Amino acid sequence: MGGGRGVCSEESANGGTDVWSSYNGSADHLVVMVHGILGSTADWKFGANQFVTELPDKVIVHCSERNMYKLTLDGVDVMGERLAEEVIEVINRRPEIKKISFVAHSVGGLVARYAIGRLYRPPRRKSQEDSTVGACEDDSRGTIYGLEAINFVTVATPHLGSRGNKQVPFLFGVTAIEKVASLVIHWIFRRTGRHLFLTDNDGGQPPLLQRMVDDCGDLYFLSALRAFKRRVAYANVGYDHIVGWRTSSIRLNSELPKWEDSLSEKYPHIVYEEKSKSKKVDQYAMDSIGEDDNCNDELEGELVTGLSRVSWERVDVSFHTSRLRFAAHSVIQVKDSFMESEGADVIQHMIDHFLLT
């Protein structure tokens with residue numbers, strides 16, 4: 001991988017790819033890029049090179065390889081454990097790393113959420129001795145395997161799963177078809193399909209995505225999300241036939257904004273941006289859920305409510321004028337830099353708003 005001026009790459013023993021600037025070795029910020037279902041390290045090739053080119057000597061990008069192709073069908077939890085192990089290996093290999101961010105596409109966003117739940121380390125409690133000698137205040141956010149957590153960015157990720165009306169647009173919003181899909185999806189996408197349609201009940205437990213909106217045993221899903229300085233959800237407002245707008249932007253139906261064509265020359269496909277503050281569960285439930293929210297699926301409302309306990313930046317994207325608008329799910333990531341280059345402004349938007357410290 002590479003080819004851009006000043007960009008180097010290195011293949012790990014297991015096939016993962018690290019990308020960094022060749023100017024010097026001062027980068028201490030690890031950016032882990034995670035692909036989606038049936039994907040590979042190549043899916044983030046364009047994004048990785050753009051990050052390193054635009055942020056020379058600031059970041060080292062690692063394109064995850066542990067869950068490629070058919071391995072993405074093994075389930076969000078299994079993939080999350082693999083990703084956590086992979087990140088630990090990268091951190092151990094590069095002792096200069098002090099900070100960490102994630103950029104994940106599609107199901108990869110769920111895998112990354114699981115992995116950070118495993119990697120989260122609670123803040124160190126200040127001892128009485130530390131207090132008496134005037135030690136610095138502890139970071140109340142906690143860390144990701146000892147690293148400062150900076151950006152957690154998801155791109156067209158089905159945070160609310162794929163069940164529910166119009167959450168998978170290619171099912172045309174027909175309730176009967178959507179119900180049948182939830183019953184047979186595991187025939188195609190195996191355990192991952194069960195997780196996406198929330199039909200799993202391992203050991204009588206609630207569905208995995210329901211458990212992932214809170215800390216659960218030794219998996220600190222919510223605490224890990226809260227540890228990051230910013231959380232961002234990029235979502236296609238339409239023409240993404242794989243992941244619907246509500247589920248990728250973590251919104252109820254009544255919260256979907258009215259958007260207009262972008263007037264920005266730099267970001268022609270960014271049509272709406274908002275920053276939301278974290279909300280208490282009871283406040284959110286009372287203030288936000290209305291009659292027009294398709295909450296005949298109460299579980300969807302519960303997932304939105306749970307994830308809203310941390311703040312999110314939401315960036316809505318539209319390719320409705322693009323010749324490849326029907327491939328919006330891939331274009332937003334620029335999976336193919338030759339065919340899907342129209343999504344490059346979305347990658348640029350990520351880079352321009354990326355926190356380095």
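What you see is a predicted model, and the numbers here were worked out from it, not measured in a lab.
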Self-check item: Gln348 side chain to Gln50 side chain, donor-acceptor N/O pair below 3.5 angstrom
Solution: no

Quiz item: With ring centroids as reference points, do His349 and His269 lie under 6.0 angstrom apart?
Solution: no

Quiz item: Do the charged groups of Arg191 and Asp202 touch, with an N to O distance under 4.0 Å?
Solution: yes

Quiz prompt | Residue list, salt bridge (Lys or Arg N to Asp or Glu O under 4.0 Å) with Asp214, at least two apart or on another chain | solution = Arg309

Quiz prompt | Partner of Ser101 by side chain to side chain donor-acceptor pair (under 3.5 Å), out of Arg230, Glu148, His29, Lys229 | solution = His29

Quiz prompt | Distance flag, aromatic centroids of Trp44 and His62, threshold under 6.0 Å | solution = no

Quiz item: Distance from His353 atom NE2 to Glu273 atom CD, nearest 0.5 Å?
Solution: 5.5 Å

Practice problem: Taking atom types as modelled, find out whether Thr41 and Glu65 have a side-chain donor-acceptor pair closer than 3.5 angstrom. | Solution: no

Quiz item: When the ring centroid of Phe354 is compared with that of Phe51, is the distance short of 6.0 Å?
Solution: yes

Practice problem: Consider only side-chain N and O atoms of Ser249 and Arg251, and report whether a donor and an acceptor are under 3.5 Å apart. | Solution: yes

Quiz item: Per the side chain to side chain donor-acceptor pair (under 3.5 Å) rule, which among Glu313, Arg231, Arg314 passes with Ser276?
Solution: Arg314

Quiz item: Using the benzene-type ring in the case of Trp, are the ring centres of His320 and Tyr239 under 6.0 Å apart?
Solution: no

